[in-house]
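A quick write-up on the structure given underneath.
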Amino acid sequence: MATLDGLPPLRDVIQRYGLDARKALGQNFLFDLNLTQKIARSAGPLDGVTVFEVGPGPGGLTRAILSLGAKKVIAIERDSRCLPALAEIGDHYPGRLEVIEGDALKTDFAALAPEGPVKIIANLPYNVGTQLLLNWLLPENGQWPPFWESLTLMFQREVGLRIVADEDDDHYGRLGVLAGWRTEARMVFDVPPQAFSPPPKVTSTVVHLTPRQNPLPCDVGKLERVTQAAFGQRRKMLRQSLKPLGGESLLVKAGIDPSRRAETLSVEEFVRLANCL
């Protein structure tokens, strides 16, 4: 039985190649091609766009991205068992799928990025999702605006809430400050556990991030230090948690009440603190 894109159903592909999802690789495969289409569509128009995908597995999301007209997909996959299934997709879409076997955490995405618009769309492995996001938000080369024009990523819902959180929100922390400083982020829709094989214990969510062209000027390293210290002891007043960085005198210099707590500070106030270091 063929599917809408003329390729075999994913369950058949997984069975044929013996692709059981491996916990050690943070794998949870999506079978529902309507759902993978919905994820790909939430990245906006893909015509003429090169898409990076991390952890394509048997290629459900890869197929959706290609069927929606992406110029090319560059997929980074650690699990060599998935390569034959991805090769089938490559044959179906000649010249439009490049698969790189390797670790996404050690991949220089910017160096691989071609000329023209680039988007990143991925059902990220749970065990590396947050670190990959930080790598894209805080590139080592310091380049901003970045090489990508949007990120459409699947996380555990708990992580998604932390990414989009603002001050005075229980989920607000270092991740919310860094994402809010450099991007505009929103949660698009939730994905229930039963959509995956095997079903994870938690609900997942798709988050869409677009880079701010002119984020508030700030040294990344200093902002990381301030947020780490402040949220490392989030129940304490800032005069206490920021003691190693200057405590009360730093806060007074930045015009911030030393008795406040980390979760009450806006992104702009964290930037002010970092700039006073």
Side-chain angles (χ1 to χ4, degrees), residues 42-44 54 109-110 118-122 124 126 128-190 203-238 241-242 245 250-251 253-257 260-277:
S42 60
V54 173
F109 287 85
V118 172
K119 295 182 178 185
I120 301 177
I121 306 173
L124 292 177
Y126 278 170
V128 295
T130 305
Q131 189 54 54
L132 278 170
L133 175 63
L134 288 169
N135 291 355
W136 291 323
L137 290 177
L138 313 171
E140 275 186 18
N141 63 8
Q143 178 197 343
W144 203 270
F147 69 90
W148 46 268
E149 61 175 43
S150 71
L151 305 174
T152 305
L153 307 172
M154 177 120 62
F155 296 96
Q156 294 180 44
R157 191 167 195 277
E158 181 68 25
V159 177
L161 287 167
R162 282 167 44 211
I163 293 165
V164 303
D166 289 319
E167 67 268 27
D168 294 319
D169 179 318
D170 287 348
H171 294 94
Y172 186 57
R174 186 167 160 261
L175 196 53
V177 174
L178 296 172
W181 170 52
R182 283 231 147 138
T183 69
E184 290 183 43
R186 61 185 171 86
M187 283 165 75
V188 190
F189 61 90
D190 289 345
T203 296
S204 301
T205 197
V206 176
V207 181
H208 184 72
L209 304 98
T210 50
R212 294 184 190 277
Q213 294 306 300
N214 299 297
L216 296 164
C218 185
D219 177 282
V220 175
K222 289 180 179 178
L223 187 60
E224 284 196 278
R225 277 165 59 206
V226 166
T227 51
Q228 226 156 0
F231 288 107
Q233 302 182 61
R234 62 187 299 145
R235 296 285 162 252
K236 294 191 173 171
M237 290 181 190
L238 287 165
S241 58
L242 294 181
L245 302 179
L250 172 69
L251 288 150
K253 192 175 167 188
I256 292 166
D257 179 351
R260 286 172 66 187
R261 287 181 169 79
E263 69 267 20
T264 69
L265 261 61
S266 66
V267 170
E268 187 264 334
E269 287 174 308
F270 272 112
V271 166
R272 234 163 56 211
L273 272 172
N275 287 338
C276 286
L277 272 183

- Sequence neighbours excluded, which residues qualify as side chain to side chain contact (heavy atoms under 4.5 Å, CB included) partners of Glu140? none
- Message: Just to verify, what does Cys276 make a side chain to side chain contact (heavy atoms under 4.5 Å, CB included) with, not counting sequence neighbours?
- Response: Leu250, Lys253, Ala254
When you compare the side chain of [Y] with that of [X], does any pair of heavy atoms fall below 4.5 Å?
X	Y	value
Leu175	Val159	yes
Val207	Met187	yes
Leu277	Leu273	no
Leu132	Ile120	no
Trp144	Pro211	yes

Contacts of type side-chain hydrogen bond (donor to acceptor under 3.5 Å, both in side chains), residue [X], not counting sequence neighbours:
X	value
Gln131	Asn135
Lys222	none
Asp257	Ser259
Thr183	none

- Query: Got a sec, which pairs hit side chain to side chain donor-acceptor pair (under 3.5 Å) with one end in residues 145-158, sequence neighbours left out?
  - Reply: Thr152-His208, Arg157-Asp190
- Task: State whether the side chain of Trp181 and the backbone N or O of Pro215 hold a donor-acceptor pair below 3.5 Å, judged by distance alone.
- Result: no
- Message: Keeping Tyr172 on the side-chain end and Leu265 on the backbone end, is there a donor-acceptor pair under 3.5 Å?
- Response: yes
[X] [atom1] to [Y] [atom2] distance, which is reported to the nearest 0.5 Å:
X	Y	atom1	atom2	value
Ile163	Leu209	CD1	CG	6.5 Å
Lys236	Ser241	NZ	OG	8.5 Å
Leu138	Leu133	CG	CG	8.5 Å

Nearest atoms (heavy-atom pairs only) where [X] meets [Y]:
X	Y	value
Asn141	Ala110	ND2-CB, 4.5 Å
Val54	Phe109	CG2-CZ, 3.8 Å
Val206	Ser42	CG1-OG, 4.1 Å
Leu238	Ala230	CD2-CB, 3.9 Å
Leu242	Ala229	CD2-CB, 3.8 Å
Gln143	Pro139	O-CG, 3.4 Å

- salt bridge (Lys or Arg N to Asp or Glu O under 4.0 Å): which pairs involve residues 260-271, sequence neighbours left out? Arg235-Glu263, Arg260-Glu269, Glu268-Arg272
- Message: Show every salt bridge (Lys or Arg N to Asp or Glu O under 4.0 Å) that has at least one partner inside residues 163-184, sequence neighbours left out.
- Response: Arg174-Glu224, Glu184-Arg212
- Message: The criterion is ring pair (Phe, Tyr, Trp, His ring centres under 6.0 Å); which residues satisfy it with Phe270, sequence neighbours excluded?
- Response: Phe231
